[in-house]
Trainee: 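Following this message is one structure expressed as structure tokens.
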Number of protein chains: 4
Amino acid sequence: MATDDGTRATKGRAPHRRDENARLAVLHATDDLLVERSFNGLTIEGIAARAGVAKQTIYRWWPSKVDILLDTLIEDAGRQLPVPETASALENTRRYLRALARFLTKDPAGMVLLALIGEAQHDPAMAKTFHERYLDPQRQTEREMLQRGIDSGEFSPALDTEAARDALTGPIIYRALTGAKIPRTFIDTLITNTLEKHLA
Amino acid sequence: MATDDGTRATKGRAPHRRDENARLAVLHATDDLLVERSFNGLTIEGIAARAGVAKQTIYRWWPSKVDILLDTLIEDAGRQLPVPETASALENTRRYLRALARFLTKDPAGMVLLALIGEAQHDPAMAKTFHERYLDPQRQTEREMLQRGIDSGEFSPALDTEAARDALTGPIIYRALTGAKIPRTFIDTLITNTLEKHLA
Amino acid sequence: MATDDGTRATKGRAPHRRDENARLAVLHATDDLLVERSFNGLTIEGIAARAGVAKQTIYRWWPSKVDILLDTLIEDAGRQLPVPETASALENTRRYLRALARFLTKDPAGMVLLALIGEAQHDPAMAKTFHERYLDPQRQTEREMLQRGIDSGEFSPALDTEAARDALTGPIIYRALTGAKIPRTFIDTLITNTLEKHLA
Amino acid sequence: MATDDGTRATKGRAPHRRDENARLAVLHATDDLLVERSFNGLTIEGIAARAGVAKQTIYRWWPSKVDILLDTLIEDAGRQLPVPETASALENTRRYLRALARFLTKDPAGMVLLALIGEAQHDPAMAKTFHERYLDPQRQTEREMLQRGIDSGEFSPALDTEAARDALTGPIIYRALTGAKIPRTFIDTLITNTLEKHLA
DNA sequence: CTATAATCGAGACGGTACGTCTCGTCTTTAC
DNA sequence: GTAAAGACGAGACGTACCGTCTCGATTATAG
């Protein structure tokens with residue numbers, strides 16, 4: 001509300017260019033339909049109808065339905081999945097993994113992430129975009145989270161952050177992909193096994 | 001019961017004569033096309049054309065392309081991914097995880113598994129079948145591998161086989177899903193971290 | 001009745017070759033289905049199912065569904081549509097045309113004839129067979145009916161039997177084809193207009 | 001109303017823009033293919049391919065191939081088969097019947113009419129549409145042609161126009177349906193027999 | 001009194017066309 | 001120059017029948 005964030009929020013009516021209302025209607029319709037009908041039931045025509053928007057308006061701004069989902073994911077993940085920086089590295093990691101588990105199993109945006117991981121298996125070109133726009137930056141963020149622990153002396157420099165990141169997030173994401181529960185103790189055990197020997 | 005030769009099945013009365021050549025042609029064509037064109041480029045019409053088979057012949061025996069892939073996966077995974085039983089439980093596990101990594105990154109059938117995990121994110125009904133026909137039995141097999149270590153006294157009874165299985169396979173599968181390398185040291189570290197404290 | 005007509009009539013049980021029960025079951029099933037579902041709804045598979053007969057058994061004896069219909073038509077038309085020979089040529093003609101109108105509008109076999117006339121418009125090869133096996137002999141029979149009137153002196157030798165035949169049967173068949181009623185007076189007027197000036 | 005240029009149609013409000021080129025391409029392709037391959041060899045896929053049009057474009061505007069043929073028939077019959085009004089009623093009738101015979105035996109659109117009469121025998125629902133859209137109006141037009149002769153005093157009021165129409169057109173159409181020749185003398189005889197006694 | 005040969009029910013098979021769905025492009029009209 | 005509307009070419013979907021082809025099993029004659 002306060003300082004008007006870049007896009008200008010179309011107060012009253014759009015000035016002349018891209019219709020912000022249409023953009024939001026598309027993103028919300030996509031989210032809703034993904035939850036209701038799953039990825040395979042999600043079609044551009046369905047999104048257009050639900051959003052009350054012409055198909056061409058979607059194609060003007062997004063190359064495919066995957067790109068719409070990527071946009072919602074990046075917006076939502078940035079908001080729902082920040083890396084905590086307030087406590088110790090160990091505790092930050094624990095909090096982050098718990099948030100990740102919650103995000104994947106409870107948040108509709110988590111379903112978007114799972115769907116995109118799925119689609120990456122089906123389309124190599126899409127996989128490339130997905131890596132560039134989401135997976136690689138996300139991985140980098142997570143490695144930095146661990147790296148900060150090394151830098152502060154909390155973790156041993158011998159810790160392989162790349163390997164540790166996958167040892168920690170891999171089981172959580174795999175459980176989400178297979179619809180399995182992810183209890184706190186499961187996360188705690190992962191952290192203990194992966195990080196305890198590197199604690200100073 | 002007694003002399004039961006190879007084919008079995010047709011005891012007493014012919015099950016009305018499915019063409020084994022057609023069945024194999026479809027499975028092989030599907031495998032080939034998945035590698036060549038990816039899951040999204042895989043069509044029933046394409047499979048039929050490549051296999052030299054009528055579309056209806058496919059629909060007669062498989063409800064969808066996913067079911068064809070499941071059949072090839074189950075056949076190939078059974079062959080390529082046996083649980084070793086010759087060495088210690090620890091060593092068997094190591095060998096199994098290495099075979100899994102190789103299967104996922106090198107074997108065409110590993111690509112089938114990744115594609116099916118992907119599709120399970122897009123279609124809940126398919127996910128159910130996939131769990132029943134592949135994931136659940138596979139998970140059970142893997143848990144039994146660890147359980148035999150407990151039974152023989154090699155692992156502590158405190159080992160949670162369900163959690164350990166996911167801590168071991170989760171990172172490997174996640175790396176395969178994201179196209180990352182899976183070096184031996186990565187696997188060895190997983191095993192060490194997950195199992196060492198439960199070694200007798 | 002008397003001297004056993006060639007086929008031998010399968011008393012008790014077929015002697016060795018063609019199964020007369022199957023033949024009749026096919027003919028009856030075809031007739032029934034034509035009435036129930038119309039020509040376009042008539043399929044070899046449907047006939048086989050209704051007759052309780054294998055598809056191959058039909059193909060063994062008839063090249064197509066049209067040939068089955070031709071068989072039933074020839075059998076039924078011969079029975080239902082004899083040329084009367086008992087009265088004067090004029091009266092015989094009147095009776096024949098009335099029987100023709102009744103056959104076409106009331107008898108299921110009349111529907112077979114209309115269907116075959118229809119199919120002849122759709123398939124030139126079929127039209128040829130149809131002419132050879134039904135239309136030409138039938139036309140010949142009808143011309144002979146008129147010719148007998150000339151021979152006996154009842155009609156003038158100037159009567160063009162070919163043209164008269166079509167002037168008489170054409171309107172009746174056309175009305176049947178268009179589902180129109182064919183009252184007696186319509187037939188009587190046709191006869192009067194076509195034949196009266198050639199009456200001796 | 002005033003300056004109305006060639007295309008007209010879109011007055012006031014666009015009827016939402018059907019592609020006239022596509023429409024004509026379909027009608028012509030259908031005509032051509034009917035002549036080349038007969039009704040049974042005519043397929044929607046074949047028409048689409050020949051017309052260079054997507055199958056869906058055909059289905060958007062026509063429910064079936066029969067409806068395409070009806071459209072071509074109505075357009076062509078209106079053009080090729082006008083009721084002459086310049087001479088006496090008797091002469092107009094003669095000219096009309098000659099044009100009808102020529103239309104049925106020489107004009108490709110005549111083949112369309114024969115095919116549709118044929119198809120009406122195979123499909124009751126189609127027969128209904130065919131009557132409503134072509135046969136009934138056509139019959140009405142032909143009766144009016146005769147009625148004008150009565151009105152002008154050329155024909156006796158006792159003339160049954162319905163019966164006379166069928167007595168005249170029935171034999172011509174029947175001959176066309178059976179592939180027979182239709183010489184002028186045949187038509188002249190029909191006219192003489194049917195109408196002479198009603199001439200004033 | 002076998003065997004041989006043809007028929008029969010059953011139904012899988014390679015095909016073709018069906019009518020539907022959704023894609024991504026395009027064109028028109030209105031604001 | 002963006003937007004709603006929607007026709008268009010393209011092509012895969014899953015279904016219905018086509019006509020051909022085994023596969024046992026049945027059964028009357030011919031050896």
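So that the names make sense, note that chain A is the first sequence line, chain B the second, and so on, each numbered from 1.
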Trainee: From CG of D:D67 over to C1' of E:dG19, roughly how many Å is that when rounded to an integer?
Mentor: 14 Å
Trainee: What is the separation between atom CG on D:N40 and atom P on F:dC18, rounded to the nearest whole Å?
Mentor: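 Atom CG in D:N40 sits about 12 Å away from atom P in F:dC18.
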Trainee: Over all heavy atoms of both residues, which pair between B:V53 and B:T57 is shortest? Give the atoms and the distance, please.
Mentor: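 In terms of heavy atoms, the two residues are closest at CG1-CB, 3.9 Å.
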Trainee: Tell me: CD1 of D:I58 to C1' of E:dC18, nearest whole Å?
Mentor: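 So the two atoms are 13 Å apart, to the nearest Å.
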Trainee: Go through the structure and list residues passing salt bridge (Lys or Arg N to Asp or Glu O under 4.0 Å) with A:D123, not counting sequence neighbours.
Mentor: none
Trainee: In the 5'-to-3' direction, what one-character label does each nucleotide of nucleotides 8-14 of chain F receive under the scheme B = base within less than 4.0 Å of a protein heavy atom, S = sugar-phosphate only, - = no such atom?
Mentor: BBB-SBB
Trainee: For D:K65, which residues count as a salt bridge (Lys or Arg N to Asp or Glu O under 4.0 Å) partner, sequence neighbours excluded?
Mentor: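 Listed in chain order: nothing, the list is empty.
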Trainee: Enumerate, atom names and distances included, each donor-acceptor pair closer than 3.5 Å involving a side-chain atom of residues 26-35 of chain D, sequence neighbours excluded.
Mentor:
from	atom 1	to	atom 2	distance (Å)
D:H28	ND1	D:L24	O	3.4
D:T30	OG1	D:V26	O	2.7

Trainee: To the nearest 10 degrees, what angle separates the axes at the start and end of the helix from E:dC1-F:dG31 to E:dC31-F:dG1, five pairs each?
Mentor: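 Inter-axis angle at the termini of the helix from E:dC1-F:dG31 to E:dC31-F:dG1: 10°.
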Trainee: Rounded to the nearest 0.5 Å, how far does CG of A:D67 lie from CZ of A:R133?
Mentor: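 So the gap between those two atoms works out to 6.5 Å.
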Trainee: Separation of A:I47 atom CD1 from E:dT22 atom P, in whole Å?
Mentor: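 So the two atoms are 12 Å apart, to the nearest Å.
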Trainee: Looking only at heavy atoms, what is the nearest atom pair of A:M126 and A:L116, with distance?
Mentor: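 For A:M126 versus A:L116, the nearest heavy atoms are CE-O, 3.5 Å.
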Trainee: Measure CH2/A:W62 against P/E:dC23 and give the value in whole Å, please.
Mentor: 15 Å
Trainee: Please round to the nearest 0.5 Å and tell me the distance separating atom CH2 of D:W62 and atom CG of D:L69.
Mentor: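 That separation rounds to 11.0 Å.
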Trainee: Extract all donor-acceptor atom pairs below 3.5 Å that involve side chains of residues 37-49 of chain B and protein atoms in other chains or at least two apart in sequence.
Mentor:
from	atom 1	to	atom 2	distance (Å)
B:N40	ND2	A:E119	OE2	2.7
B:T43	OG1	B:G46	N	2.8
B:E45	OE2	B:K55	NZ	2.7

